[in-house]
Visitor: 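Can you keep this structure in mind? I'll have questions shortly.
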Amino acid sequence: MTTATCTSTRTRVGQSAYDGAPATGYDVVHHSFQEFADHPGVRARQLGLDRAEGSPLLALFGKRLRTAYEMLDGREPGWRENVNASLATTITPLAAGSGLRLGSHGPGALGVAVDFESEEFVRQLPLLGRRARLTALREVVDLHVPGSSAGRLLDEASEQLGTSAARHDAEAPARAGRTLDRLAALAPGELTENGAYFADELTREWTRLHG
């Protein structure tokens with residue numbers, strides 16, 4: 001009869017279980033699953049960037065993307081928890097000069113030019129997250145009556161607040177404030193109940209940032 005012998009070892013959350021798996025050095029005693037999920041190596045594997053080594057151009061693209069995410073994490077800790085965060089699950093390399101673009105086939109899809117710069121990524125991703133959220137809201141609820149200027153004002157206020165929060169433009173807070181004032185001055189009924197709630201949310205955000 002053959003006797004099986006079991007050897008007890010500490011289980012690592014991020015242990016490399018097979019060739020090519022990301023080694024994180026994390027374990028279940030000292031690290032949470034959220035820390036593991038946020039690890040750059042794990043995120044690279046989720047996005048398919050760990051398979052870019054076969055192409056020098058894609059390998060450089062993957063390296064730039066990891067650097068950009070690390071920069072964003074350093075400048076905006078906890079940004080993934082923001083309601084407007086753009087949490088890409090699929091990133092598609094685009095032709096040089098294409099910049100960053102939201103995918104057209106559902107949430108989580110992001111197109112990124114192969115020659116993007118990390119600074120551009122850090123600046124644009126939060127704004128794309130805002131646009132994606134507003135687009136998703138409009139797919140399920142009406143925010144304003146058809147033909148009203150309220151729709152454009154909601155877009156502008158959200159975009160200006162995003163620029164203001166990222167401190168990319170010294171004039172953005174003032175512009176956002178003026179746009180919010182114009183939203184508040186709209187005739188009753190131009191914003192639906194949902195639209196009014198969203199406008200109030202933007203106003204509270206402005207107050208939190210600049211009040």
Side-chain angles (χ1 to χ4, degrees), residues 22 34 37-140 143 151-176 179 198 201-202 205-206 209:
Q34 187 59 52
D38 289 341
H39 189 279
V42 175
R43 287 191 56 76
R45 183 160 193 84
Q46 290 173 332
L47 299 172
L49 300 178
D50 60 323
R51 297 188 290 276
E53 284 75 7
S55 163
L57 181 61
L58 288 180
L60 178 60
F61 175 82
K63 182 178 180 180
R64 281 179 172 173
L65 198 56
R66 286 189 289 271
T67 298
Y69 270 113
E70 289 168 0
M71 286 175 60
L72 188 55
D73 288 337
R75 294 182 187 180
E76 302 291 341
W79 67 271
R80 292 183 179 86
E81 300 172 8
N82 190 290
V83 68
N84 295 304
S86 177
L87 302 179
T89 56
T90 302
I91 293 182
T92 302
L94 302 179
S98 300
L100 276 68
R101 300 182 182 179
L102 290 172
S104 57
H105 301 294
L110 180 67
V112 182
V114 293
D115 63 343
F116 82 98
E117 297 294 336
S118 296
E119 285 288 349
E120 176 192 12
F121 185 92
V122 171
R123 183 173 63 254
Q124 291 295 323
L125 188 65
L127 297 180
L128 290 177
R130 286 178 170 272
R131 293 173 198 166
R133 183 187 176 216
L134 198 45
T135 297
L137 281 174
R138 284 176 166 141
E139 289 179 352
V140 295
L143 299 179
R152 175 178 53 81
L153 292 174
L154 288 173
D155 288 334
E156 291 179 1
S158 180
E159 192 93 358
Q160 290 160 356
L161 274 169
T163 303
S164 175
R167 298 174 294 279
H168 295 313
D169 183 348
E171 298 299 320
R175 285 199 301 271
T179 303
F198 184 68
E201 178 185 298
L202 295 176
E205 182 181 3
W206 190 94
L209 291 171

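In what follows, every heavy atom counts, from backbone to side chain, and hydrogens, waters and symmetry copies are set aside. Numbering starts at 1 and runs along the sequence shown. Quantities reported herein were computed from a predicted structural model and do not represent experimental measurements.
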Visitor: Within the supplied structure, the quantity of interest is the number of heavy atoms (other residues, nucleotides, ligands) at a distance under 6.0 Å from Arg64 CZ; does it exceed 12?
Guide: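 More than 12 within 6.0 Å, yes.
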Visitor: Go through the structure and list residues passing salt bridge (Lys or Arg N to Asp or Glu O under 4.0 Å) with Arg133, not counting sequence neighbours.
Guide: Glu201
Visitor: When rounded to the nearest 0.5 angstrom, what is the spacing between OG1 in Thr135 and CG in Leu102?
Guide: 7.0 Å
Visitor: How close do Gly129 and Ser86 get, heavy atom to heavy atom, and via which atoms?
Guide: CA-CB, 3.5 Å
Visitor: Please name all residues satisfying salt bridge (Lys or Arg N to Asp or Glu O under 4.0 Å) with Glu120, sequence neighbours left out, ordered by chain then number.
Guide: none
Visitor: Strictly below 4.0 Å, N to O, side chains only: are Glu119 and Arg75 in salt-bridge contact?
Guide: yes
Visitor: List the atom of Ala96, the atom of Val114, and the distance in Å for their closest heavy-atom pair.
Guide: N-CG2, 3.9 Å
Visitor: A side-chain contact here means heavy atoms from C-beta on lying under 4.5 Å apart; do Arg130 and Leu161 qualify?
Guide: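 A side-chain contact exists here, since the closest heavy-atom pair is under 4.5 Å.
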Visitor: Looking only at heavy atoms, what is the nearest atom pair of Leu110 and Ala88, with distance?
Guide: CB-CB, 4.1 Å
Visitor: Could you walk me through whether Tyr69 and Arg80 pass the side-chain contact (heavy atoms from CB on, under 4.5 Å) check?
Guide: CA-CA 11 Å; Tyr69 270 113; Arg80 292 183 179 86; 4.0 Å; yes
Visitor: Using the test side chain to side chain contact (heavy atoms under 4.5 Å, CB included), find all partners of Ala113 that sit at least two apart in sequence or belong to another chain.
Guide: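 Listed in chain order: Ser98, Asp115.
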Visitor: Given side-chain contact (heavy atoms from CB on, under 4.5 Å), test Leu153 with Glu156 step by step and report yes or no.
Guide: CA-CA 5 Å; Leu153 292 174; Glu156 291 179 1; 4.1 Å; yes
Visitor: For the atom pair CD (Glu117) and CD (Gln124), what is the distance rounded to the nearest 0.5 Å?
Guide: 13.0 Å
Visitor: Taking all non-hydrogen atoms of both residues into account, name the closest pair between Ser118 and Thr67 and its distance.
Guide: OG-CG2, 4.0 Å
Visitor: Within this structure, what is the CH2-OG distance for the pair Trp206 and Ser164, rounded to the nearest 0.5 Å?
Guide: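 Answer rounded to 0.5 Å: 8.5 Å.
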Visitor: Please name the pair of heavy atoms, one in Leu87 and one in Trp79, separated by the smallest distance, quoted to 0.1 Å.
Guide: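 Answer, listing the atom of Leu87 first, then Trp79: CD2-CZ3, 4.1 Å.
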Visitor: What's the separation between atom CZ in Arg138 and atom CG in Leu154, rounded to the nearest 0.5 Å?
Guide: 6.0 Å
Visitor: What orientation do Phe116 and Phe121 show, parallel under 30°, tilted 30 to 60°, or perpendicular over 60°?
Guide: tilted
Visitor: Within a strict 4.5 Å, meaning less than it, do heavy atoms of the Asn84 and Pro126 side chains meet?
Guide: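 The answer is no; the side chains never approach within 4.5 Å.
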Visitor: Say you draw a straight line from CG of Leu100 to CG of Leu128; how long is it, rounded to the nearest 0.5 Å?
Guide: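 Leu100 atom CG to Leu128 atom CG measures 5.5 Å (nearest 0.5 Å).
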Visitor: Do you know which two heavy atoms are closest between Gly111 and Leu94, and how far apart they sit?
Guide: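 Between these two residues, the closest heavy atoms are C-CD1, 3.5 Å.
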Visitor: Run the numbers on Leu134 and Leu143 for side-chain contact (heavy atoms from CB on, under 4.5 Å), then give the verdict.
Guide: CA-CA 10 Å; Leu134 198 45; Leu143 299 179; 3.7 Å; yes
Visitor: What's the separation between atom CG in Leu125 and atom CE in Met71, rounded to the nearest 0.5 Å?
Guide: 12.5 Å
